[in-house]
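Worksheet: the structure to be examined is printed underneath.
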Amino acid sequence: KGRAAKQETQTRKVTFADVAGQDNAKREVAELVEFLRDPDRYRRLGAEPPRGILLMGPPGTGKTLLARALAGEAGVPFFNISASEFIEMFVGVGASRVRSMFDEAKKRAPSILFIDELDAIGRVRGAGFGGGHDEREQTLNQILSEMDGFEGHEAVVVLAATNRPDVLDPALLRPGRFDRHVTLDLPDKAAREAILTVHAKDKPIAGDVDLGVIAAGTPGFSGADLKNLMNEAAIACARENGDRIAMRHVDEARDRVMMGMERKLTIRPEE
Ligand code: ATP
């Protein structure tokens, strides 16, 4: 395993236009763009800067994408860490990784620090099952103390994502920590069509492809599933040596993607 905190060198800037649907979530996150662009303006007025934002929603609904888009819109560096990586680290490393990651983000402020799968370390303390659980608590405690330790003026916005807000340690949700909550939902039909439009944009599509029909036939698909669907359709087309993605490629792809989705549903570990 490499470094826990990765600053991304983005090849193409992600913007809110890449996030289809999720209008409420976009609106709430967009409020931070102005702050990140000019934190001093807020500081001069003595305004308390926003600190931690929790993005909640099922897998593949665009939480990571939205955090990246905020960085892209504001033109600030994006530091990305997956909390589940901490679990795989050597004992004693988690807390110091958290520290260095926050230091790095502060050095490059204004910046965004994104913690994916917060629930992997952010579960209620004392509810683990032995083993590495002290380690996890130390890592969690370090996150809490870093969030408390921000000097008022440091323009680091911490975003965290979870699909299990119910298991989070309440200490994470206290004022000054992850006290703003933004929900992302599975897309409805109109949002699915909008997402399909984003992912069909750079692909050669045949005249018989109707994104509205595809959207109607994909209830329960997340944004990630829909992206996968368009990609599988392109692969099906390439396999035939075709040069335009036709509706039958999409149909074939949908069967594949749905099979994958069912598998995920049946083997998902639950506690
Ligand atoms: P997880 O909880 O599994 O980490 P997530 O909510 O962070 O998922 P993303 O990683 O952002 O989801 O989504 C994966 C990919 O799916 C995105 O990079 C994007 O290509 C596509 N996608 C998801 N949601 C949307 C959306 N609303 N609009 C456009 N594309 C989307």
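One-based numbering along the sequence shown. Every number for a ligand or one of its atoms is a count from 1 in the order of the listing.
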Nearest-neighbour protein heavy atom for [atom], which is reported as residue plus atom name and distance:
{"atom": "atom 14 (C) of ligand 1", "answer": "Ala224 CB, 3.9 Å"}
{"atom": "atom 8 (O) of ligand 1", "answer": "Gly60 N, 2.9 Å"}
{"atom": "atom 7 (O) of ligand 1", "answer": "Thr64 OG1, 2.6 Å"}

Ligand 1 N/O within reach of [X] N/O, cut-off under 3.5 Å:
{"X": "Lys63", "answer": "yes"}
{"X": "His199", "answer": "yes"}
{"X": "Leu65", "answer": "yes"}

For Phe178, what residues pass the ring pair (Phe, Tyr, Trp, His ring centres under 6.0 Å) criterion, not counting sequence neighbours?
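So Phe178 forms no ring pair (Phe, Tyr, Trp, His ring centres under 6.0 Å) with any residue.
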Cluster overlap Val198 with Leu65, hydrophobic side-chain contacts below 4.5 Å
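Different hydrophobic clusters.
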Flag, side chain of [X] to backbone of [Y], donor-acceptor distance under 3.5 Å:
{"X": "Arg136", "Y": "Arg123", "answer": "yes"}
{"X": "Arg164", "Y": "Asp119", "answer": "no"}
{"X": "Lys106", "Y": "Glu154", "answer": "no"}

Heavy-atom nearest neighbour of atom 4 (O) of ligand 1 within options Asp116, Asn228, Thr61
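Going through Asp116, Asn228, Thr61 one by one, Asp116 has the nearest heavy atom to atom 4 (O) of ligand 1.
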Which option wins on minimum heavy-atom distance to atom 24 (N) of ligand 1: Ala191, Gly62, Ala69, Ala20?
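Nearest heavy atom to atom 24 (N) of ligand 1 lies in Gly62.
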